[in-house]
Peer 1: 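Pasting a structure here, questions to come.
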Amino acid sequence: MELRVVEDAEAAAREARREILAAVNAARESSRSFVLGLAGGQTPRRLYELLAAEGGFDWSPVHFVWGDERCVPPGDPASNYRLAHESLLSRIDVDAACIHRMRGDAVDPDGAAREYEEVLAGLEDPDLVLLGLGTDGHTASLFPRSPALEESLRLVTATSAPAGAVSPRRLTLTFPGLARFRRGLFLVTGTDKRTILTTLREDPTAAERLPAARVRAREGELWIVDRAAAPQNLPHGGGPDR
Ligand code: 6PG
């Protein structure tokens, strides 16, 4: 868990943009496609706007997938697809065939989950998956105490969010699904995330209880957090793996 602490939410979005653009450029230079997993919630919006504002960037190697989706129509305000479409995908030159929407609006969420496994299976070596952090320690739509946490074979599953969460029914990558990505990139900002982030770093039982602590990408996870969300006792700039 590499933790990189930056001044504020804008700096965090800029640092995440830098990481993503550098990774896509590296893939392009080695003539590889690049599979980018998008996150939902509110935090990534500014990152997506900054990515879209990167004038003249060649997005042709990139296949866009999602880490999770709410079971709502794509135009619903709660849709993670809508967030990415309005803040990024509608603003860049990208082939529709490279946008792989999770069909949260399907009448059969389990069927849509299996369909998405086929989508992922058709994309070699997914590169980077963006992730957020809920104040309960969830990430993607992997919530504490959910049966989805025990899924060891399926890459994508239909699941439920806790009562009171936006959109109770979800589709989500599982830990095996997230583990197919080369790297995970958590983007966490705001004082409301400080308690859970401190718990993640300091509570030795966190890995058993908190889904975000259990994400393991092939080459590790980078956490970009702003000062407001960062644990108080960190050295300036963050810290290496625990
Ligand atoms: C979702 C996201 C979820 C999100 C966290 C943080 O579909 O809700 O995938 O995991 O990243 O809940 O959300 P915020 O960025 O809004 O704090």
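Residues take their numbers from the sequence shown, with the count starting at 1. When a ligand or atom number is given, it counts from 1 through the structure's own listing order.
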Peer 1: How close does the nearest protein non-hydrogen atom get to atom 13 (O) of ligand 1, and which residue and atom is it?
Peer 2: Gly41 CA, 3.9 Å
Peer 1: Can you tell me how far CG of Asp136 sits from OG1 of Thr199, rounded to the nearest 0.5 angstrom?
Peer 2: 11.5 Å
Peer 1: Run the numbers for me: atoms of ligand 1, each under 4.0 Å from some heavy atom of Thr139, listed by number.
Peer 2: 10 (O)
Peer 1: Which atoms of ligand 1 sit under 4.0 Å from any heavy atom of Arg170?
Peer 2: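 Checking each atom against Arg170, I get 1 (C), 7 (O), 8 (O).
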Peer 1: Could you tell me the residue and atom name of the protein heavy atom closest to atom 16 (O) of ligand 1, and the distance to it rounded to 0.1 Å?
Peer 2: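 Closest protein heavy atom to atom 16 (O) of ligand 1: Gln42 N, 2.8 Å.
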Peer 1: Are Val94 and Leu88 packed together at the side-chain level, in the sense that at least one heavy-atom pair is separated by less than 4.5 angstrom?
Peer 2: no
Peer 1: Would you list the pairs meeting salt bridge (charged side-chain N to carboxylate O under 4.0 Å, His left out) in which at least one residue belongs to residues 42-61, sequence neighbours left out?
Peer 2: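 Output for this query lists Glu10-Arg46, Arg17-Glu54, Arg28-Asp58, Arg45-Glu86, Arg46-Glu49.
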Peer 1: Which residue and non-hydrogen atom of the protein lie closest to atom 4 (C) of ligand 1, and at what distance in Å?
Peer 2: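 Here the nearest protein heavy atom works out to Gly40 O, 4.0 Å.
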Peer 1: Under the salt bridge (charged side-chain N to carboxylate O under 4.0 Å, His left out) rule, collect the residues that match up with Glu117, sequence neighbours excluded.
Peer 2: Arg154
Peer 1: With a 4.0 Å cut-off, would you call Arg32 and Asp127 a salt bridge?
Peer 2: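 The answer is yes: the pair qualifies as a salt bridge.
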Peer 1: Can a salt bridge be assigned to the pair Glu7 and Arg227 using a cut-off of 4.0 Å between side-chain N and carboxylate O?
Peer 2: yes
Peer 1: Check if Glu69 has a non-hydrogen atom at a distance under 4.0 Å from any atom of ligand 1.
Peer 2: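 For ligand 1, residue contact (heavy atoms, under 4.0 Å) with Glu69 is absent.
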Peer 1: Regarding Asp68 and Ser141, is there a side-chain donor-to-acceptor distance under 3.5 Å anywhere?
Peer 2: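 There is such a pair (donor and acceptor under 3.5 Å, judged by atom type) between the side chains of Asp68 and Ser141.
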Peer 1: Out of Leu133, Leu131, Thr43, Thr189, who is nearest to atom 6 (C) of ligand 1 when you count heavy atoms only?
Peer 2: Leu133
Peer 1: For atom 5 (C) of ligand 1, what's the nearest protein heavy atom and its distance?
Peer 2: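 Looking at atom 5 (C) of ligand 1, the protein heavy atom closest to it is His138 NE2, 3.5 Å.
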Peer 1: Name the orientation class of the two ring planes belonging to Phe143 and His138 (parallel below 30°, tilted from 30 to 60°, perpendicular beyond 60°).
Peer 2: tilted
Peer 1: Give the residue and atom name of whichever protein heavy atom lies nearest to atom 8 (O) of ligand 1, and the separation in Å to one decimal.
Peer 2: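 Going atom by atom, the protein heavy atom closest to atom 8 (O) of ligand 1 ends up being Arg70 NH2, 2.8 Å.
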Peer 1: Looking only at protein heavy atoms, which one is nearest to atom 10 (O) of ligand 1, and what is the separation?
Peer 2: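 I find the closest protein heavy atom is Ala140 O, 2.7 Å.
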Peer 1: With no hydrogens and no angle check, do the side chains of Arg170 and Ser160 hold a donor and an acceptor under 3.5 Å apart?
Peer 2: no
Peer 1: Would you mind listing which atoms of ligand 1 come within a distance below 4.0 Å of any non-hydrogen atom of Gly132?
Peer 2: 11 (O)
Peer 1: Can you tell me the protein heavy atom closest to atom 9 (O) of ligand 1 and the distance?
Peer 2: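 Answer for atom 9 (O) of ligand 1: Asp68 OD1, 2.8 Å.
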Peer 1: Can you tell me which portion of Ala39 lies within the under-4.0 Å heavy-atom range of ligand 1? Options are side chain, backbone, both, or neither.
Peer 2: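 Near ligand 1, Ala39 shows nothing, with every heavy atom at 4.0 Å or more.
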Peer 1: Nearest to atom 17 (O) of ligand 1, what protein heavy atom do you find, and at what distance?
Peer 2: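 For atom 17 (O) of ligand 1, the nearest protein heavy atom comes out as Lys193 NZ, 2.6 Å.
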